[in-house]
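To start, the structure itself, in structure tokens.
Computed from a predicted structure; not experimentally measured.
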Amino acid sequence: MARFVWYVTKRILSYIVMIFVATSLTFFLASAFMNPRSNLEQRTPRPPQESIEANLNRANLNDKTPVIERYQIWITNLFTKFDLGMTPTGDSVNREMSSKFMASIELMTPATILSVVIGVSLGVYTAQRQYQWQDRFFSGVASVLLVIPTVVMAILIVFAAIEINARAGSRIFYVTDLSSGDTGNFFTWLIDFLQHIILPTIVLTIVSSVGYHLSQRTYLLDEMHADYVRTARAKGLTRKKAIRKHALRVSLIPTAVSVAFSLAGIFTGAVMTEKVFAIHGLGEYFINCINNNNIHGAVAVAAFSGAMTLVGALLADLFAAALDPRIKMS
């Protein structure tokens, strides 16, 4: 137990250093390539120069201030107040990101769970029926879905939902946002949320589960033909027991690692789906930050993505050790 705690502590400390370095580099790069001053100078009517300088100074975005000085102010506020800074318009990045973060959580959590469960289950199911009609059917469907762009998939599902609403004579599905506003009690809110979330969840589940299905099928097929599985069969285990007790467990390791490393994408990787369904999550926010010269917002999202990637790396190690006792924490 002590070795495990030391291992996790050591990895976390090293990750903190890496996040700090990566975030600092991102700040300097964003400061070099983004120009918040243009946001104010291009307004109509153009504000007085004194007002422009005052707004930039208040947001710590004045390019006339040395970048190292701006970095010192930003990093000090981050560590002492957990203040991620201000946008060129003077809004708080903390406040903006909090609402985007919750939207991404609501959007991606059900889709991620469903895609992993469905994709892995189909991968295991088809691998055990290699070259049978079930394998050919599901693999064929997966191959077709794999080449359909996410935007096209989302638009097709939106058209289908609109047609269902028209035939039903009432609004069963909503195609924009995650809520209709104030919906009263919890039951009413839940029904409204489900009506909004079901379409983007279907899109993201299809897109993600296809990858998990095909990869899990490949991993399990490789393990099913390994020497240790043949040895288990020779010792009297049935094919199903040999697969369940030995091959399946080992084949889940790369899948678990893939799921762990997808944490960053869970929050920022659904840009196209967010655009189609007008959901204002972190993915859309990151793109808007780049377009609007929002240095502090872009750095905050990049830092968050980096942190999630490193958390995924730690979880991947833990998953691998839990699934394969031959892996030691050292």
Side-chain angles (χ1 to χ4, degrees), residues 1-8 10-11 14-15 108-148 204-266 269 308-330:
M1 183 64 182
R3 178 180 293 182
F4 171 77
V5 173
W6 170 242
Y7 169 82
V8 174
K10 185 170 62 174
R11 292 299 294 270
S14 65
Y15 290 160
M108 298 304 299
T109 299
T112 301
I113 295 173
L114 287 173
S115 62
V116 171
V117 172
I118 294 173
V120 172
S121 299
L122 280 175
V124 173
Y125 178 79
T126 53
Q128 295 183 78
R129 293 161 178 79
Q130 186 181 20
Y131 303 134
Q132 297 181 24
W133 71 267
Q134 298 98 326
D135 179 34
R136 296 181 185 277
F137 173 76
F138 284 111
S139 296
V141 171
S143 298
V144 172
L145 295 176
L146 193 63
V147 299
I148 299 178
L204 293 171
T205 299
I206 291 174
V207 171
S208 300
S209 62
V210 167
Y212 290 130
H213 164 210
L214 296 177
S215 60
Q216 181 59 43
R217 176 183 179 275
T218 301
Y219 298 145
L220 184 54
L221 284 175
D222 289 341
E223 297 301 328
M224 285 168 56
H225 298 96
D227 291 339
Y228 69 92
V229 176
R230 295 195 188 98
T231 302
R233 293 288 307 278
K235 289 182 177 180
L237 283 182
T238 63
R239 182 174 181 272
K240 287 186 178 180
K241 285 186 177 181
I243 292 174
R244 186 175 66 252
K245 289 187 175 182
H246 300 286
L248 178 58
R249 187 169 185 171
V250 177
S251 70
L252 285 174
I253 293 176
T255 301
V257 171
S258 175
V259 173
F261 273 106
S262 68
L263 281 180
I266 288 175
M308 289 297 99
T309 300
L310 295 177
V311 168
L314 179 61
L315 291 177
D317 289 343
L318 298 179
F319 286 158
L323 292 169
D324 190 348
R326 296 172 297 178
I327 299 176
K328 303 296 183 182
M329 292 293 180
S330 61

Straight-line distance of [X] [atom1] to [Y] [atom2], nearest 0.5 Å:
X	Y	atom1	atom2	value
Leu145	Ile206	CG	CD1	6.0 Å
Gln216	Leu122	CD	CG	11.0 Å
Ser143	Ile148	OG	CD1	11.0 Å
Leu314	Thr309	CG	OG1	13.0 Å
Arg249	Leu220	CZ	CG	15.0 Å

Minimum heavy-atom distance [X]-[Y], with the two atoms named:
X	Y	result
Val229	Ala247	CG2-CB, 3.9 Å
Tyr212	Thr255	CD2-CG2, 4.5 Å
Arg136	Tyr131	NE-O, 3.1 Å
Ala111	Leu204	CB-CB, 3.6 Å
Leu221	His225	O-ND1, 2.8 Å

Subject >> Check: Ser208 side chain, Thr205 main-chain N or O, donor-acceptor pair, under 3.5 Å >> reply: no
Subject >> Polar side-chain atom of Ser258 near backbone of Pro254 as donor-acceptor pair, under 3.5 Å >> reply: no
Subject >> side-chain hydrogen bond (donor to acceptor under 3.5 Å, both in side chains) partners of Ser139, counting only residues at least two apart >> reply: Asp135
Subject >> Residue pairs passing the side chain to side chain donor-acceptor pair (under 3.5 Å) test where at least one lies in residues 121-130, sequence neighbours excluded >> reply: Thr126-His213
Original post:
So, do Ile253 and Tyr219 sit near enough that their side-chain heavy atoms are less than 4.5 Å apart?
Top reply: no
